[in-house]
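Below: the structure, in structure tokens.
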Amino acid sequence: MIYFDNAATTRTDPQVLGAMLPYLQDEFGNPSSVYQLASRARAGISYAREQVASYIGASEGEIIFTGSGSESDNYAIKGVAWALADKGKHIITSGIEHHAVLDACGGLQKQGYEVTALDPDEYGVVAAERVAEAIRDDTILVSIMHSNNEIGTMQPIAEIGAICKQRGVIFHTDAVQSVGKVPLNVDELNVDLLAMSAHKIYGPKGVGALYVRKGTKLTRLIDGGGQEMRRRAGTENVAGIVGMGKAVELLRERGEQDMQRIARLTGQVIEGVVEKVPYCRLTGHPEKRLPNIASFVIRYIEGEGMLLSLDLYGICASSGSACTSGSLDPSHVLLATGCSHEVAHGSLRVSLGRDNTQADVDILLAALPGFVERLRAMSPLWEDAKKKGLVS
Ligand SMILES: *Cc1c(COP(=O)(O)O)cnc(C)c1O
């Protein structure tokens, strides 16, 4: 099997699993209890918090562990919106956010909040000036993702953050895809809130973290006990949290070296596909993009058909986001960048990770052009384009 879907999830690193196992076995104490068994679980969480905090230039008290990247996004957005409802009810986001952000904003709209979703340019970039223009007196929150999970485009977050800071508006960024791919420092980025997820960085599923800048008011999502500095109730997922800490530690140790190699391989995928597959283009920004995502639209085929062909050949890839695959709706991200429905249906995302090798890339590039040709031979879209003289 060749796994090219690292933007959907990653394989848990064996060292991460190793760090987690004791907390699933002997160290099973409830961190809120008083005896030594419990304090060891508490220490495990505290160490993980330190690992995550220092990795992004935050202090320990600013990291809240959650149940997922989605929860972190929901908490940031609803938490701020509810806490600052007296101040205003206007929120700014973009049309290419992950559904965790878009739908959290949609939910708030039903509660009487007003949401401005900015359109990106054709490369998926949301210009900082657009954000500046959209800020009003009653704007309480701006939420723009650090990098896009489908097309890999990175946003001018530091610039947007500086504008928000100057205008006194809270700024959240969904950095789930960026962690471990590019350096992240919450002060340099001028962010007040930043969402992360463990399973995108070779950690376990079902754990996320939210950075909350000291002094940022948030109404909590989950009421109950006093866990996570009273900001998220519920007995902690100790093993998961420890695993996230370990995953971040591994990024610190080997992330940069891994990423240099991954970036080289990704570059080969981009060049190779664009060169070998006719009527195909790269989506997202040509330079301001994550070093591990190669994303394309391939004309006159259905992305789903291509994924099936690749799967039969043992290659896992994706057509946009994991959430929209399996439904017939084309990607909202591609549509927002100006793709037509027809073109957006031919999307392919190849996202690389730590385990990918040169051989993986060679196999993909050798196989893909033939698959595309065969699918086109059966495609009414291709037939039609031929009749119209659009292709040869
Ligand atoms: C995967 C992802 C999420 C959601 O994270 P989960 O931990 O799977 O809930 C949010 N935003 C982006 C950009 C993602 O890629």
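What you see is a predicted model; the values in this text were computed from it and never measured. Just so you know, ligand 1 is whichever comes first in the structure, and atom 1 is the first atom listed for that ligand.
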Could you tell me whether a side-chain N or O of S379 sits under 3.5 Å from a main-chain N or O of Y300, the two making a donor and an acceptor?
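Such a contact is found between S379 side chain and Y300 backbone.
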Is there a donor-acceptor pair under 3.5 Å between the side chain of N148 and the backbone N or O of V333?
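Here the side-chain-to-backbone pair does not exist.
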Please state which protein non-hydrogen atom is closest to atom 11 (N) of ligand 1 and give its distance, to 0.1 Å?
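Of the protein heavy atoms, D174 OD2, 2.6 Å lies nearest.
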Looking only at protein heavy atoms, which one is nearest to atom 3 (C) of ligand 1, and how far off is it?
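Looking at atom 3 (C) of ligand 1, the protein heavy atom closest to it is H98 NE2, 3.4 Å.
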Contact atoms of ligand 1, heavy-atom distance to [X] under 4.0 Å:
{"X": "S68", "answer": "7 (O), 9 (O)"}
{"X": "D73", "answer": "10 (C), 11 (N)"}
{"X": "K200", "answer": "1 (C), 2 (C), 3 (C), 14 (C), 15 (O)"}
{"X": "S70", "answer": "4 (C), 5 (O), 6 (P), 9 (O)"}

Nearest 0.5 angstrom please: L102 CG to M145 CE, how far?
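One gets 8.5 Å once the value is rounded to the nearest 0.5 Å.
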With rounding to the nearest 0.5 Å, note down the distance linking CD in Q111 to CH2 in W82.
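Between atom CD of Q111 and atom CH2 of W82 there are 6.0 Å.
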Side chain, backbone, both or neither: S197 near ligand 1, heavy atoms under 4.0 Å
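Side chain only.
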Which part of M145 is near ligand 1, with near meaning a heavy atom under 4.0 Å away: side chain, backbone, both or neither?
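The answer is the side chain of M145.
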Would R354 pass as a cation-pi partner of Y202, given that its NZ or CZ must be under 6.0 Å from the six-membered ring centre and within 45 degrees of the axis?
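Relative to the ring axis of Y202, which defines the angle, R354 lies inside both limits.
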Nitrogen or oxygen atoms of H199 and ligand 1 under 3.5 Å apart:
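By distance alone, the answer is yes.
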Check D13 against Q15 and note the closest heavy-atom contact, atom names and distance.
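Between these two residues, the closest heavy atoms are OD1-N, 2.8 Å.
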Considering non-hydrogen atoms only, spot the tightest contact between G29 and A41 and give its length.
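What the structure gives for the nearest pair is O-CB, 3.6 Å.
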